[in-house]
Amino acid sequence: MAAAADGKARTVADIMSKPVVTATADEAVADAANRMREQRVGSVVVVEGDRPVGILTERDLVRLAAARATGSDLVGQWMTPDPDAVEPAAEASSAFAALAEHGYRHIPVVDHGKLVGIVSMRDLMRIAQIQPAESLAHEVPRGLEGVIVAETDIGDVRGLEGFYHYRQYDAVELAETRTLEDVWYLLYNGELPSLAARNAFTEEIAPLRVIPPAVLDALPQIAESAPDAPPLDQLRTTVSLMGAALGFRPSLDISATELRQQALSVCAVVPSLLCALYRLKHGFEVVEPEPDLPYAANYLKMMKDEVPEPDHARAVEQYLISTIDHGFNASTFTARVITSTGADLAAAVVGGIGALSGPLHGGAPSRALGMLEDIGTIDKAEPWIRDAIERGDRLMGFGHRVYKTDDPRSVMLRSVAERLGGPNVELAKQVEQKAIELLAELKPGRKLYTNVEFYAGIVMDACGVPSEMFTPTFASSRVIGWTAHILEQAADNRLIRPSAHYVGPPPPQPVPAAE
Ligand SMILES: CC(C)(COP(=O)(O)OP(=O)(O)OC[C@H]1O[C@@H](n2cnc3c(N)ncnc32)[C@H](O)[C@@H]1OP(=O)(O)O)[C@@H](O)C(=O)NCCC(=O)NCCS
């Protein structure tokens, strides 16, 4: 825990937020939920006069939605009564310990029975400048969990807090308020664009959406020679071809300006490539990009050959923004490792695509939707999920290496799914709740919640994206994150070359003669 400037340990009073957003037990949950949304807080403390008697959190709202309760239910029916509290004079580290140990995200601060503030995980992280616990590891754990391998100013994920950001901005807020082009600009340039800069950037990107002729000519052959291959595998081959056809040289040998130009070209053309490959696979004509359509609308237009409904274009755009970057995930790390060798940009992007294609990383959304289809109705959820976990299967769309609380992307996508509606949304919310309960029962202490992939499939399905295009759609935004990292790595490069602990038979053994 960081000390205050005078050297004394910080107290809860130093870091708590006030005034607290409150509710009363007899008011409607819908009113309390509106207040949470307006004030941008994750909980309300339920009070009788000055005295806290309960707490209502976002998680309670999910339970409520899953139980098909109505917004006119009362706060008192859904709150957690008698929440744990801390005193203002307590050391901030004790609040941190309680938050971390019990998995709370908010603790009321109470002075002689009177509510005086609230401490949230975010307060602690931001004000007390606590390093996330996962960054403190000294030994190298399996899967490099928590190991810091580089410095970046592109963004970060705070797993205990359930928060991630691009540059200095909350990524969810960006997804709710900005266009994909704005966020792409932010990642490349470190600041959000002015109106003039946005227009110039959009104009710069538009012609780059057109597939270069050398690549376009080869697409039918790629599609035909591996007709059953997933579109992402075909993309991997195509990006490789593009790097070679356009003469991408090793990043070590080219200027930052040339590398940036290549990065822009690849990001701009990936949606066009994916849609072209998808359409060729199904025997349709390739649809050319539409320079005047924004990114997501153009993507859906090239996929389905019709201009999408604005709601669908916006929902897909929000999904795309929310998945552009996410710390040192496996594919981003892969892209940086490849760049650290000085290899060309296409090689790094191809590596990223390969890593993303795995079901433990980006390959989960179609499986998560498949799980819902298999479950079919809520009464089958409990036995289905229990069997799966007891068999040792992983529930797709649940669990995360970094998040030990709600994945903010899944929270956002749940609300996008609710906005869109559709047959799967209610079932998904109920299955989510049941799965979280059963994971807590059968995998206690693992802190498994819904990740981005669970609602990604629901949102994309509702927008008419076929399930074989779920992971490719993820790739079409993550390529922006990969390339931002490639540019950062190349700008201040040192070969990434770790070591392994050898555990085989002791060497040197005599080499037996060949038979
Ligand atoms: C994402 C993921 C790979 C992170 O894994 P991780 O940090 O390496 O966690 P581990 O594999 O060490 O798992 C820890 C424990 O939780 C369990 N667990 C993790 N995710 C689980 C899931 N989705 N369903 C059931 N159990 C799960 C593991 O079985 C393990 O249990 P154990 O201690 O009894 O062996 C993992 O949660 C997962 O496989 N999720 C499903 C795939 C998915 O949704 N991927 C998209 C990620 S955005």
Side-chain angles (χ1 to χ4, degrees), residues 103 132-135 137 139-147 155 157-160 162-164 171-172 232 319-320 322-334 352-372 374-375 381-414 428 431-460 467 470-475 477-478 481-482:
E134 53 268 35
S135 72
E139 291 181 10
V140 180
R142 257 163 73 79
L144 297 184
E145 180 167 359
V147 175
V157 182
R158 298 184 190 165
L160 295 174
F163 173 72
Y164 75 118
V172 169
L232 198 63
Y319 166 69
L320 292 170
S322 74
T323 48
I324 283 183
D325 187 48
H326 205 239
F328 260 55
N329 59 87
S331 56
T332 299
F333 181 49
T334 304
I353 296 172
L356 185 77
S357 66
L360 299 188
H361 188 1
S366 53
R367 294 175 186 234
L369 191 64
M371 174 177 87
L372 279 185
D374 254 20
I375 291 175
E382 162 127 24
W384 194 103
I385 297 169
R386 192 177 280 282
D387 279 2
I389 302 175
E390 282 174 354
R391 256 197 327 267
D393 289 355
R394 280 163 189 254
L395 301 183
M396 289 295 148
F398 291 85
H400 196 271
R401 171 58 67 80
V402 183
Y403 290 124
K404 299 304 167 202
T405 179
D406 293 322
D407 179 335
R409 301 168 300 176
S410 92
V411 176
M412 186 198 82
L413 290 174
R414 188 198 301 125
V431 167
E432 174 184 27
Q433 189 53 36
K434 187 51 72 189
I436 290 172
E437 276 168 34
L438 288 171
L439 285 166
E441 177 193 327
L442 301 171
K443 294 271 173 189
R446 287 9 168 253
K447 299 195 166 63
L448 300 168
Y449 300 100
T450 326
N451 65 45
V452 62
E453 310 279 17
F454 186 71
Y455 284 101
I458 311 280
V459 167
M460 284 191 267
S467 70
F470 289 175
T471 305
T473 303
F474 187 175
S477 63
R478 186 53 63 86
W482 294 331

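For the numbers below, each heavy atom of this structure counts, side chains included, while hydrogens, waters and symmetry mates do not. One-based numbering along the sequence shown. Note that the structure is predicted; figures quoted are calculated from it, not measured. Remember, it's 1-based here, ligands and their atoms both numbered in the order they're listed.
Listed by number with element, the atoms of ligand 1 under 4.0 Å from a non-hydrogen atom of H361 are 46 (C), 47 (C). When each atom of ligand 1 is checked for a heavy atom of G397 under 4.0 Å away, the hits are 43 (C), 44 (O). Near P359, meaning under 4.0 Å from one of its heavy atoms, ligand 1 places the atoms 42 (C), 45 (N). Near E453, with a cut-off below 4.0 Å to any heavy atom, the atoms of ligand 1 are 46 (C), 48 (S).
Side chains of E453 and F470 form no contact here, defined as non-hydrogen atoms less than 4.5 Å apart. Inter-residue side-chain proximity for V411 and Y455 is flagged as unmet; no heavy-atom pair is nearer than 4.5 Å. In this structure, S410 and F398 have side chains that are not in contact, with every pair of non-hydrogen atoms separated by 4.5 Å or more. By the 4.5 Å heavy-atom criterion applied to side chains, F163 and T405 are not counted as neighbours. The closest side-chain heavy-atom distance from L369 to I458 is below 4.5 Å. Residues I375 and I385 meet the side-chain proximity criterion, which asks for heavy atoms closer than 4.5 Å.
Annotation: R409 places no N or O atom under 3.5 Å from an N or O atom of ligand 1; distance criterion only. Of the N or O atoms in F398, one or more lie within a sub-3.5 Å distance of an N or O in ligand 1. Below 3.5 Å of separation, one finds an N or O of R446 facing an N or O of ligand 1.
For atom 1 (C) of ligand 1, the closest non-hydrogen atom of the protein is G399 O, 3.8 Å. For atom 42 (C) of ligand 1, the closest non-hydrogen atom on the protein side is M396 SD, 3.5 Å. In terms of protein heavy atoms, atom 43 (C) of ligand 1 is closest to N451 ND2, 3.6 Å. In this structure, atom 7 (O) of ligand 1 lies nearest to the protein heavy atom R401 NE, 2.8 Å. At the top of the distance list for atom 24 (N) of ligand 1, counting protein heavy atoms only, stands L395 N, 2.9 Å. For atom 31 (O) of ligand 1, the nearest non-hydrogen atom of the protein is K443 NZ, 3.2 Å. In terms of protein heavy atoms, atom 20 (N) of ligand 1 is closest to L448 CD2, 3.7 Å. In terms of protein heavy-atom proximity, atom 2 (C) of ligand 1 is nearest to R394 NH1, 4.2 Å.
At a heavy-atom cutoff of 4.0 Å, ligand 1 is contacted by no atom of E145, backbone or side chain. Residue contacts with ligand 1 for A368 are absent, since no atom lies close enough (heavy atoms, distance under 4.0 Å). At a heavy-atom distance under 4.0 Å, no atom of D407 approaches ligand 1. Counting heavy atoms closer than 4.0 Å to ligand 1, residue L439 contributes side-chain atoms (C-beta onward) but none from N, CA, C or O.
For the pair R478 (side chain) and T323 (backbone), a donor-acceptor distance under 3.5 Å is present. Checked by atom type and distance alone, the side chain of H361 pairs as donor or acceptor with a backbone atom of S331 at under 3.5 Å. Of the possible donor and acceptor atoms, none in the side chain of Y403 sits under 3.5 Å from a partner among the backbone N and O of P408. Judged by distance alone, the side chain of R391 and the main-chain N or O of I389 form no donor-acceptor pair under 3.5 Å. For T332 (side chain) and F328 (main-chain N/O), no donor-acceptor pair under 3.5 Å exists by modelled atom type. Checked by atom type and distance alone, the side chain of N451 pairs as donor or acceptor with a backbone atom of G399 at under 3.5 Å.
Within the 4.0 Å cut-off (strictly below), no protein heavy atom is located near atom 14 (C) of ligand 1.
Not close to ligand 1: G143, with no non-hydrogen atom less than 4.0 angstrom away.
A salt bridge links E441 with R386; the closest basic N to acidic carboxylate O contact falls under 4.0 Å.
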